[in-house]
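Only heavy atoms go into these numbers, but all of them, side chains included; no hydrogens, no water, no symmetry mates. Along the sequence shown, residues are numbered consecutively beginning with 1.
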Amino acid sequence: MVKDIDALLVDLKRFRGGIADTSTLIYLERLGLLDLAARCFSLRVIPQVVAEFGMRPAGTIPLTAVPSGPADLVICQEASRLGLPVLSEDRHVLRAARAGQLPYYNTLMMVLALCVQGELAPAAFADIRRELLVFARYAPWVVAVGDALFEALCHAPTREV
């Protein structure tokens with residue numbers, strides 16, 4: 001069950017980063033937001049993700065002392081070990097995060113976190129959302145939650161988030 005919108009806005013205001021999967025790095029790069037996200041959030045990457053991505057994106061924090069194994073598995077292991085959220089678009093990774101009771105965020109939520117934290121103008125959100133949904137395969141309920149969060153953000157500018 002999804003948390004209520006006010007609680008999610010608070011989560012996004014407090015969001016500081018996590019262990020990034022290759023899919024999220026690719027999505028952020030395609031949106032032209034990877035540099036901004038890496039400056040604003042602590043994006044940690046494991047060697048497996050660096051290899052899949054083809055390089056370590058500037059501003060990301062490498063985690064080198066990690067177990068070998070598939071990126072999907074190691075991301076969740078490291079997130080659990082460090083007490084950090086999982087950042088992914090991959091349904092398999094997100095299911096593993098949920099099963100391990102780990103917090104997780106996708107690119108849509110990270111874009112909203114940038115808006116909530118004042119790092120991205122809310123006026124830019126509609127175009128970014130439209131571009132993201134060209135290649136992202138989010139369930140309709142995920143998009144609906146994102147839209148509800150944006151609506152709440154825009155219509156309650158004096159709200160203490």
Side-chain angles (χ1 to χ4, degrees), residues 1-3 7-120 124-125 128-146 149-150:
M1 180 166 179
V2 175
K3 293 179 182 179
L8 285 172
L9 284 172
V10 170
D11 287 349
L12 293 176
K13 181 71 173 177
R14 293 177 179 162
F15 177 75
R16 296 295 177 256
I19 310 289
D21 188 12
T22 310
S23 58
T24 296
L25 297 176
I26 291 169
Y27 281 24
L28 288 168
E29 182 177 62
R30 285 183 74 174
L31 294 170
L33 295 174
L34 183 53
D35 289 340
L36 176 63
R39 279 194 314 273
C40 296
F41 306 131
S42 176
L43 302 181
R44 291 174 172 83
V45 292
I46 61 173
Q48 294 90 325
V49 166
V50 171
E52 289 175 2
F53 192 70
M55 61 178 227
R56 182 178 66 83
T60 60
I61 302 164
L63 298 175
T64 55
V66 302
S68 61
D72 296 359
L73 177 65
V74 177
I75 287 168
C76 290
Q77 288 173 339
E78 288 302 293
S80 179
R81 184 179 70 81
L82 297 170
L84 294 170
V86 169
L87 311 177
S88 183
E89 313 304 313
D90 185 303
R91 182 178 295 181
H92 175 71
V93 174
L94 298 176
R95 281 185 184 154
R98 193 174 317 124
Q101 298 183 316
L102 299 168
Y104 55 90
Y105 296 87
N106 60 30
T107 299
L108 179 62
M109 292 302 122
M110 291 177 67
V111 170
L112 285 163
L114 288 167
C115 291
V116 169
Q117 294 179 25
E119 300 293 341
L120 184 66
F125 180 77
I128 292 168
R129 176 194 178 278
R130 187 173 19 266
E131 188 176 345
L132 177 62
L133 294 181
V134 167
F135 55 84
R137 295 186 314 233
Y138 295 133
W141 71 267
V142 173
V143 176
V145 169
L149 283 164
F150 184 70

Item to check | Atom pair CZ (Phe53) and CG (Leu25), whose distance is rounded to the nearest 0.5 Å | outcome: 5.5 Å
Checklist entry - Could you go step by step and tell me if Tyr138 and Thr107 meet the side-chain contact (heavy atoms from CB on, under 4.5 Å) rule? => result CA-CA 10 Å; Tyr138 295 133; Thr107 299; 3.6 Å; yes
Checklist outcome for this item: Here the pair of heavy atoms bringing Ala38 nearest to Ala58 is CB-O, 3.5 Å
Checklist outcome for this item: In this structure, CG of Leu63 is separated from CG of Leu82 (nearest 0.5 Å) by 6.0 Å
Checklist entry - Relative to the ring of Phe41, is the ring of Phe15 parallel (under 30°), tilted (30 to 60°) or perpendicular (over 60°)? => result perpendicular
Item to check | Minimum heavy-atom distance Leu43-Leu34, with the two atoms named | outcome: CD1-CD1, 4.3 Å
Item to check | For Val142 against Met109, the heavy-atom pair lying closest together | outcome: O-CE, 4.4 Å
Checklist entry - Does a side-chain heavy-atom distance below 4.5 Å link Pro103 with Val86? => result no
Item to check | Test item: Arg56 and Pro62 side chains (from C-beta on) under 4.5 Å apart, heavy atoms | outcome: yes
Checklist entry - Are Phe125 and Val111 close enough that some pair of their side-chain heavy atoms sits under 4.5 Å apart? => result yes
Checklist entry - Is there side-chain contact between Tyr104 and Ile19, with heavy atoms separated by less than 4.5 Å? => result no
Checklist entry - Any sub-3.5 Å donor-acceptor pair from Asp21's side-chain atoms to Thr24's backbone N or O? => result no
Checklist entry - Do the side chain of Arg98 and the main chain of Leu102 share a donor and acceptor less than 3.5 angstrom apart? => result no
Next on the checklist: Show the nearest heavy-atom pair for residues Gly18 and Leu84, with the distance to one decimal.
Outcome noted: CA-CB, 4.2 Å
Checklist outcome for this item: Interatomic distance, CD@Glu119 vs CG@Leu114, rounded to 0.5 Å, equals 7.0 Å
Next on the checklist: When you measure from the side chain of Gln48 to the backbone of Ser68, do you find a donor-acceptor pair of N or O atoms at a distance under 3.5 Å?
Outcome noted: no
Checklist entry - For the residue pair Pro67 and Val74, what are the closest heavy atoms and their distance? => result O-CG2, 3.6 Å
Checklist entry - If you round to the nearest 0.5 Å, how far is CG of Asp35 from CD of Glu29? => result 8.5 Å
Next on the checklist: Quiz question: by atom type and distance under 3.5 Å, do the side chains of Ser23 and Glu89 form a donor-acceptor pair?
Outcome noted: no
Item to check | Nearest heavy atoms of Ile46 and Ala71, plus distance in Å | outcome: CD1-O, 3.9 Å
Checklist entry - Any cation-pi pair here, Arg129 with Phe150, using under 6.0 Å and within 45°? => result no
Checklist entry - Can any side-chain N or O of Gln117 pair as donor or acceptor with the backbone N or O of Leu12 at less than 3.5 Å? => result yes
Checklist entry - Can you tell me how far CG of Asn106 sits from OH of Tyr27, rounded to the nearest 0.5 angstrom? => result 9.0 Å
Next on the checklist: Checking Ile61 against Val45 for the side-chain contact (heavy atoms from CB on, under 4.5 Å) test, could you report, in this order, the C-alpha distance in whole Å, the side-chain angles of both residues, the deciding distance, and whether it holds?
Outcome noted: CA-CA 6 Å; Ile61 302 164; Val45 292; over 6 Å; no
Checklist entry - Which distance, rounded to the nearest 0.5 Å, do you find between the CG of Leu33 and the CD1 of Ile128? => result 4.5 Å
Checklist entry - Judged by atom type as modelled, is there a donor-acceptor pair below 3.5 Å linking the side chain of Thr60 to the main-chain atoms of Pro57? => result yes
